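A quick write-up on the structure given underneath.
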Amino acid sequence: MILTLMNTRKIYRLILLIVTLCSLPLMAQEYAIQNVNVITMDNEEILSGVTVHVTEGRIVSISKVNGSKNATIIDGKGKFLMPGLAEMHAHIPPHSAGEEYVKEVLWLYMANGITTIRGMLGEPYHLELRKNVSEGSVFGPRIFTSGPSLNGGTVRTPEEAIQKVISQKKAGYDFLKMHPGIRLDVYDEIVKVAKEQGIPFAGHVSVFVGVRHALETGYASIDHLDGYVEGLVPSEENVDPESNGFFGLNFTELADRSQMDELVALTREHDVWVVPTQSLLERWVGRRSPDELARDHEMRYVSNRMLGGWVTSKRQFMAADYKPQRAEDFNQLRRDLIKALHSGGVKLLLGSDAPQVFNVPGFSIHNELEELVRSGLSPFEALETGTRNTAKFFSREEEFGMIKEGMIADLVLLEANPLVDIRATRNIAGVMIKGHWLSKTEIKDGLRKIELKYK
């Protein structure tokens with residue numbers, strides 16, 4: 001068969017993409033990021049005009065001394081260095097999507113300064129991927145992964161609960177992913193066995209469980225603020241819990257804000273972390289039309305098929321009894337919940353649920369940071385949810401999450417100060433992942449190749 005010129009070009013582009021995304025960058029023995037402003041995330045103080053020395057993937061010193069003659073010099077003048085960010089509600093594509101697409105998604109995370117991801121819908125392939133990334137045979141952000149979904153369809157009896165929890169613990173998953181539909185007796189058995197096995201559980205809150213029981217039984221994290229709007233509905237309203245709509249949207253008008261403080265206190269008392277994913281709700285429930293969302297800059301990095309599916313889904317959602325004012329009231333209620341939780345001492349984590357309806361991997365985390373600031377957090381507090389808080393959540397505070405001597409060199413170099421304007425996290429001059437440096441040019445080239453693939 002004779003290939004046309006057009007087909008030849010497409011194949012050439014694909015080869016270039018595969019080479020770029022699958023090859024580890026060359027790592028020098030030493031790096032010196034010189035004359036840079038450092039946001040350590042220990043506090044809001046900025047260390048001005050210092051040099052961060054990196055050797056064999058770790059930060060060895062932060063000083064006024066320039067790099068040695070053996071070091072690769074990175075000019076940090078006028079720039080700001082912060083720890084790598086985390087995406088704490090990520091979705092790693094399944095193996096059936098193809099390894100090249102998986103690596104493409106990992107690249108999109110890294111290109112946006114994300115050096116840690118928590119995969120929220122795992123499968124056996126993700127355990128292998130986690131190992132390969134850790135050992136360096138696959139280039140990607142640090143991975144934590146759940147097991148396959150525990151939901152009303154996959155765990156229907158207490159006996160199934162016992163088997164599934166023990167099986168996932170034995171397989172080596174980091175935590176259990178809870179999904180809707182789990183009946184109360186089954187849920188309680190999951191919790192009992194999970195605690196016996198020493199494996200955390202996180203994610204959604206089944207309407208048959210309710211947010212208060214979920215908090216009291218010790219979720220590691222509740223994601224999407226799932227159950228919180230429902231939890232604000234007074235019991236005398238006697239609502240059907242299954243009529244709650246998308247994360248409680250249908251109960252917006254019934255929510256009693258006077259109950260917010262009690263929910264916040266209960267969350268703090270039981271040390272449950274919260275991953276708001278507000279950027280998801282702003283795009284899915286918010287007033288912006290699907291056609292407008294489809295024109296956002298980052299949509300060029302997903303396939304036409306995926307983008308078309310997102311457009312169709314939102315059109316269908318908006319065509320089914322969509323009330324613009326209720327949508328705005330719902331998102332404002334969620335913003336107020338985020339602020340109340342934070343002010344009340346509840347620990348928040350940065351996550352956006354990507355790839356998911358108009359949330360493109362990597363890019364959506366910058367949207368989420370902006371939503372946290374919009375909800376009332378300071379830029380420093382918003383950044384903390386994706387840096388230091390993440391390390392605390394995983395009990396890995398001596399490994400990552402701050403810029404400190406001895407820590408793994410997961411770093412993002414920015415052109416401007418994100419403590420002044422959180423949107424500065426989008427303007428990336430380079431990313432370092434476990435000592436592997438990705439320059440601004442390499443990041444742009446990699447993104448351009450993905451864009452060309454989907455043109």
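Since we're looking at a predicted model, the values are computed, not measured.
Side-chain N or O atoms of Asp174 include none that pairs as donor or acceptor with a backbone N or O of Ser146 at under 3.5 Å. Under the 3.5 Å distance criterion, the side-chain polar atoms of Asn417 are matched with a main-chain donor or acceptor of Leu419. With hydrogens and angles disregarded, no donor-acceptor distance shorter than 3.5 Å links the side chain of Lys169 to the backbone of Ile199. A side-chain donor-acceptor contact under 3.5 Å links Glu368 to the backbone of Gln278. Remark: the backbone N or O of Arg423 is not paired with any side-chain donor or acceptor of Glu370 at under 3.5 angstrom. At distances below 3.5 Å, at least one donor-acceptor pair connects side-chain atoms of Arg268 with backbone N or O atoms of Gly344. Not a single donor-acceptor pair under 3.5 Å links the side chain of Ser343 to the backbone N or O of Ala340. Looking at Asn359, its side chain does come within 3.5 Å of a backbone N or O of Ser352 through a donor-acceptor pair. Remark: side-chain polar atoms of Asn389 are not paired, donor with acceptor, to backbone N or O of Leu349 under 3.5 angstrom. With Ser61 contributing its side chain and Ser63 its backbone, the two residues share no donor-acceptor pair below 3.5 Å.
Within 6.0 Å of atom NZ in Lys195, more than 12 heavy atoms from other residues, nucleotides or ligands are found, so the atom counts as buried in its surroundings. Atom NZ of Lys131 sits in a sparse spot, with 12 or fewer heavy atoms from other residues, nucleotides or ligands closer than 6.0 Å.
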Quiz item: Does the pair Tyr228 and Thr267 meet the rule for a side-chain contact (heavy atoms from CB on, under 4.5 Å), with working shown?
Solution: CA-CA 10 Å; Tyr228 277 85; Thr267 308; 2.8 Å; yes
Exercise. Output, in order, the C-alpha distance, side-chain angles, deciding distance and verdict of side-chain contact (heavy atoms from CB on, under 4.5 Å) for Leu85 and Leu369.
Key: CA-CA 10 Å; Leu85 291 165; Leu369 285 168; 4.2 Å; yes
Quiz item: Could you walk me through whether Lys440 and Asn427 pass the side-chain contact (heavy atoms from CB on, under 4.5 Å) check?
Solution: CA-CA 10 Å; Lys440 189 170 189 172; Asn427 197 354; 3.7 Å; yes
Quiz item: Should Thr390 and Leu350 be marked as a side-chain contact (heavy atoms from CB on, under 4.5 Å) after you check the CA-CA gap, both sets of side-chain angles, and the distance that decides it?
Solution: CA-CA 8 Å; Thr390 301; Leu350 184 66; 5.8 Å; no
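Minimum interatomic distance between Pro124 and Tyr173 (heavy atoms only, all atoms of both residues): N-OH, 3.0 Å. Nearest heavy-atom pair across Pro361 and Asn112 is O-ND2, 4.0 Å. Closest approach of Met82 to Leu414, counting heavy atoms only: SD-CD1, 3.7 Å. Taking both residues in full, the closest heavy atoms of Val102 and Pro93 are given as CG2-O, 3.8 Å, listed atom of the first, atom of the second, then distance. When all heavy atoms of Val211 and Val205 are compared, the closest pair comes out as N-CG1, 3.8 Å. In this structure, Arg142 and Ile408 approach most closely via the heavy-atom pair NH2-CD1, 3.6 Å.
The pair Arg374-Glu371 meets the salt-bridge criterion, since a charged nitrogen lies less than 4.0 angstrom from a carboxylate oxygen. Under the 4.0 Å criterion applied to side-chain N and carboxylate O atoms, Arg335 and Glu282 are assigned as salt-bridge partners. Checked for salt-bridge contact, Arg295 and Glu292 miss the test: no charged N lies under 4.0 Å from a carboxylate O. A salt bridge is absent between Asp75 and Lys77: the closest approach of a Lys/Arg side-chain nitrogen to an acidic carboxylate oxygen does not fall below 4.0 angstrom. Between Lys392 and Glu384 there is no salt bridge, since no side-chain nitrogen of the basic residue lies less than 4.0 Å from a carboxylate oxygen of the acidic one.
A 4.5 Å side-chain heavy-atom check between Ser279 and Phe358 finds every atom pair outside the cut-off. The shortest distance between side-chain heavy atoms of Lys404 and Thr40 does not fall below 4.5 Å. Using a 4.5 Å cut-off on side-chain heavy atoms (C-beta onward), Thr51 and His53 make contact. Counting only heavy atoms from C-beta outward, the side chains of Pro355 and Val302 never approach each other to under 4.5 Å. Using a 4.5 Å cut-off on side-chain heavy atoms (C-beta onward), Ile450 and Glu104 make contact. With contacts defined as side-chain heavy-atom distances shorter than 4.5 Å, the pair Trp284/Ser313 qualifies. Pro83 is not listed as a side-chain neighbour of Asp410, based on a closest heavy-atom distance of 4.5 Å or more. For the pair Thr72 and Trp437, the minimum side-chain heavy-atom distance is 4.5 Å or more.
In summary, the aromatic rings of Phe330 and Phe246 are positioned with their centroids too far apart to meet the 6.0 Å limit. The aromatic ring centroids of Phe201 and Tyr219 lie less than 6.0 Å from each other.
Using a 3.5 Å distance cut-off with no hydrogens or angles, the side chains of His91 and Asp353 do pair a donor with an acceptor. Under 3.5 Å, the side chains of Arg118 and Ser221 contain a donor-acceptor pair of N or O atoms. Counting only N and O atoms by type, the side chains of His89 and Thr277 include no donor and acceptor under 3.5 Å apart.
To the nearest 0.5 Å, the span separating OG1 on Thr145 from CD on Gln168 amounts to 9.5 Å. Within the model, atoms OG1 of Thr385 and CG of Leu377 stand 7.5 Å from one another, a figure rounded to the nearest 0.5 Å. From Leu447, atom CG reaches atom CD of Glu298 across 11.5 Å, with rounding to the nearest 0.5 Å. Between Phe247 atom CZ and Leu280 atom CG the span is 6.5 Å, to the nearest 0.5 Å. One distance of note links OG of Ser378 with CG of Leu372; it measures 10.5 Å at 0.5 Å rounding. Atoms CD1 and CD1, from Ile92 and Ile117 in turn, are 4.0 Å apart once rounded to the nearest 0.5 Å.
In summary, of the residues considered (His204, Met120, Lys177, Met88), a side chain to side chain contact (heavy atoms under 4.5 Å, CB included) with Asp223 occurs for Met120 alone.
Note: Phe394 and Phe400 have tilted aromatic rings, judged against thresholds of 30 and 60 degrees for the angle between ring planes.
In terms of the ring-ring contact (aromatic ring centres under 6.0 Å, His included) criterion, residue partners of His213 (sequence neighbours excluded) are, by chain and number, Tyr187.
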